[in-house]
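Labels below follow one simple rule: chain letters A, B, ... track the order of the sequence lines, proteins then strands, and each chain is numbered from 1.
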Amino acid sequence: MARHLITSAIPYINGIKHLGNLVGSQLPADLYARYLRARGHEVMFICATDEHGTPAELAAAKAGKPVADYCAEMHEVQARIARGFRLSFDHFGRSSSAENRALTQHFAKRLAEEGLIREVTEKQMYSVADGRFLPDRYIEGTCPNCGYDSARGDQCDNCTKQLDPVDLIEPRSVISGSTDLEMRETKHLFLCQSAMKDKLAAWIDSKTDWPVLTTSIARKWLFDGDGLQDRGITRDLSWGVPAQFDGAPWAGMDGKVFYVWFDAPIEYIAATQEWAAATGGDWARWWRTDKGADDVTYTQFMGKDNVPFHTLSFPATILGSAEPWKLVDYIKSFNYLNYDGGQFSTSRGRGVFMDQALEILPADYWRWWLLSHAPENSDAEFTWENFQTSVNKDLADVLGNFVSRVTKFCRSKFGEALPAGGVTGPREAELMAELETRIRTYEGLMEAMEVRKAAAELRAIWVAGNEYLQAAAPWSTFKTDPETAAAQVRLALNLVRVYAVLSAPFIPDAAAAMLAAMGTEDRSWPEDIGAALAVLPEGHAFTTPDVLFRKIADEEREEWQRRFAGRRD
RNA sequence: GGGCCUGUAGCUCAAUGGUCAGAGCAGGGCGCUCAUAACGCCUUGGUUGGGGGUUCGAGUCCCUCCGGGCCUACCA
């Protein structure tokens, strides 16, 4: 049994995430974590909220709350929703934790000692009215190229030209609207990523089995133009990990904090330390290669927008520290999920957000659809029609109805216990041969994190049960040969347990309901299908479950379609 | 502008350069009656975006054109 460290990109604290965010990192990471646990591996599954940065400060100000309070509240909200989706984190941390503060400062210090930090003095836009420096995109004005009056300081949304805030005509603060802006000198720390370019390139080159999406984005940043650039890792903000601290190898950084993208990935480690503090566990054996982590397999999950930071910046931090930290082994990245012909939009309330999704349907419905349509090779699209037909067909008709027909048939003919007697024949052998092949295929796909294909294979495994029932037709056999019907029904009821075990990574609640109905807590993986189909013995009592998955009606679908078209309350 | 990804059946997607390009859904037909009007079997449906090239052989490799998407370093 191996040890697997799994991290999901950490969601930003500012608001509730939509389904596209969920399917891009947390959900597939959970699928993989659940699968590996089911196979008996030791798993550490880490996620957290990313709490620093300008948007958090502004959201808190808008809510009229101190930023620390705002983050604490939003963390609880996100944690509750994550539980609702059954995301099985071993720890859901906070990047604002004391652990992350200490570790972030530690890494910065180590990098400086290795000569990988340099100080840069530059001029940035300062808003006198807001009393703060503003990131480029928090400045708006008229585009000098096309005249668009709401061009952002970094880029014009209308003509897509890249801009510099000083180019804008009549620049104003997005926050206050104030035009009292000036360029002020400010000093920042830069991470010398360029010095590690060759090392990083060699490392990326060695990852021949990574998704093309991952490596192509990394290569683009490594080799485009002048190559990998040094990156500012501090900001003029108050909310964050202080850049000036006791023992810091620099001075004059008072009032500045580390850039969120510097401290956010470090939180993967810090969150494991938080876990250790809470449980008494040993975090070092997951992260320090000198303390047992050299036999850990580390897999990261993220949307494509996160790839540069995970392939370059964070590895630069890890490698640059010259300390024995565990480096990622595999980066599974995802494209975007679009919503009904356009993008999900937080600001315009377009699309389904995580809290809303759970209000209208149980988690399993969303988990199944999202995972079976995961945007692995290209951007994917959510439509209500597709969601309705997929869920109704796959979950209600193929799996749910299988459980229903088997349990109800047994109850009416034999009672609510596995009937005794009879022997199986070639038909059962045929089924087992097919299951054997398909389960092994399913395992391979899950190990390779081929999410869509694994879902398709799982569905085929469900279908095999219906095919078998149709061919064996115990309702016919029962009339002439009840013993044989008993053996057939016994096998089919055992199949329900096997389906629960195989399906649990995708639909954990339904799987639990199936196991409960079968009166068993035996979650043993079907390594040998013959043995797996004999786990529940003759005479074993079961209960006939309620409908596992209700169907989505046309009227509901139409209502939801209208409700989520835009303008969130 | 540059780079990357993508275009395959009505829809969503598969296919190490190698049988007749396959699945699911939708459509059509038949069967079954245990089941959530569910299930099973059969079946219709394709100039693989257009054009050119390499090859014994191209959905796959090369060139070009057209469409869609993403990234382009101070949102995270």
Side-chain angles (χ1 to χ4, degrees), chain A residues 9-14 21 50 52-56 58 122 124-125 133-139 152-155 160-162 164-165 174 188 193 212-213 215-217 219-221 223-225 228-232 235-236 259-261 264 303-309 312-313 335-336 338 343 372-373 375-381 383 385-386 388-390 392-413 450 452-453 455-456 459-460 463 465-478 485 488-489 492 546-551:
Chain A
I10 66 178
Y12 196 66
I13 194 69
N14 178 15
N21 298 128
D50 181 10
H52 295 140
T54 308
L58 298 182
E122 53 191 6
Q124 288 192 352
M125 200 66 91
F133 282 92
L134 292 176
D136 291 354
R137 74 167 48 200
Y138 282 93
I139 297 160
R152 291 194 320 252
D154 58 338
Q155 188 179 35
T160 74
K161 281 249 189 203
Q162 286 175 68
D164 196 283
V174 169
H188 283 295
Q193 298 186 138
V212 180
L213 184 63
T215 51
S216 64
I217 291 173
R219 289 205 173 87
K220 159 74 173 171
W221 282 57
F223 304 118
D224 188 50
L228 188 61
Q229 301 297 298
D230 294 346
R231 192 165 184 123
R235 294 289 183 275
D236 286 291
Y259 177 40
V260 277
W261 264 115
K304 58 185 167 188
D305 50 334
N306 279 321
V307 169
F309 305 100
L312 304 168
S313 308
N335 287 283
Y336 292 143
N338 291 317
Q343 295 190 336
S372 62
H373 294 80
E376 289 176 299
N377 295 320
S378 59
D379 290 353
E381 177 161 315
T383 66
E385 288 83 0
N386 188 309
Q388 180 193 24
T389 57
S390 289
N392 286 355
K393 200 72 197 167
D394 299 348
L395 296 181
D397 294 347
V398 178
L399 176 62
N401 184 55
F402 174 79
V403 175
S404 183
R405 66 195 296 207
V406 169
T407 51
K408 286 181 178 169
F409 177 75
C410 184
R411 181 174 65 180
S412 73
K413 303 300 185 202
E450 291 276 5
R452 274 178 185 245
K453 289 179 183 174
R459 187 189 191 280
V463 167
N466 283 310
E467 287 172 350
Y468 166 73
L469 276 190
Q470 192 66 32
W475 48 90
S476 295
T477 328
F478 183 77
Q488 292 168 337
V489 167
D546 293 332
V547 166
L548 273 181
F549 299 100
R550 73 170 184 84
K551 293 205 193 189

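Using a 4.0 Å heavy-atom cutoff across all strands shown, A/Lys220 reaches at least one base atom of the nucleic acid. Within 4.0 Å of A/Glu122, counting heavy atoms only, lies at least one base atom of the nucleic acid.
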Taking only Watson-Crick and G-U wobble pairs with both distances under 3.5 Å, what dot-bracket line describes RNA chain B, where [ ] shows pairs that cross earlier ones and | shows pairs with another strand?
(((((((..((((....[...)))).(((((.......))))).....(((((..]....))))))))))))....

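Listed candidates were B/A38, B/C5, B/A73. Nearest to the side chain of A/Leu228 is B/A73.
Checked by distance alone, A/Asn401 brings no side-chain donor or acceptor within 3.5 Å of a matching partner on the base of B/A38.
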Which pairs would a plain distance check flag for residues 399-407 of chain A, meaning a side-chain donor or acceptor within less than 3.5 Å of a matching protein atom at least two apart in sequence or in another chain?
unit_1   : atom_1 : unit_2   : atom_2 : d
A/Arg405 : NH1    : A/Asn466 : OD1    : 2.8
A/Thr407 : OG1    : A/Val403 : O      : 2.7
A/Thr407 : OG1    : A/Ser404 : O      : 3.2

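Remark: A/Lys551 is in phosphate contact with B/A38, judged by side-chain N or O atoms under 4.0 Å from OP1 or OP2.
For A/Phe478, the ring-ring contact (aromatic ring centres under 6.0 Å, His included) criterion is met by A/Phe414, not counting sequence neighbours. Looking at residues two or more places apart in sequence or on another chain, you find no ring-ring contact (aromatic ring centres under 6.0 Å, His included) involving A/His188.
Stacking of A/Trp475 onto the six-membered ring of B/C34 is present: less than 5.5 angstrom between centres, less than 30° between planes.
Atom CZ in A/Arg137 sits roughly 12 Å away from atom C1' in B/A73 (whole-Å rounding).
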Would you tabulate the nitrogen or oxygen pairs shorter than 3.5 Å linking the protein to nucleotides 9-14 of chain B?
unit_1 : atom_1 : unit_2   : atom_2 : d
B/C13  : O5'    : A/Arg452 : NH1    : 3.4
B/A14  : OP1    : A/Asn377 : ND2    : 2.3

Any chance you could list the contact pattern along nucleotides 21-29 of chain B? Use B for base contacts, S for sugar-phosphate-only contacts and - for none, protein heavy atoms under 4.0 Å, 5' to 3'.
---SS----

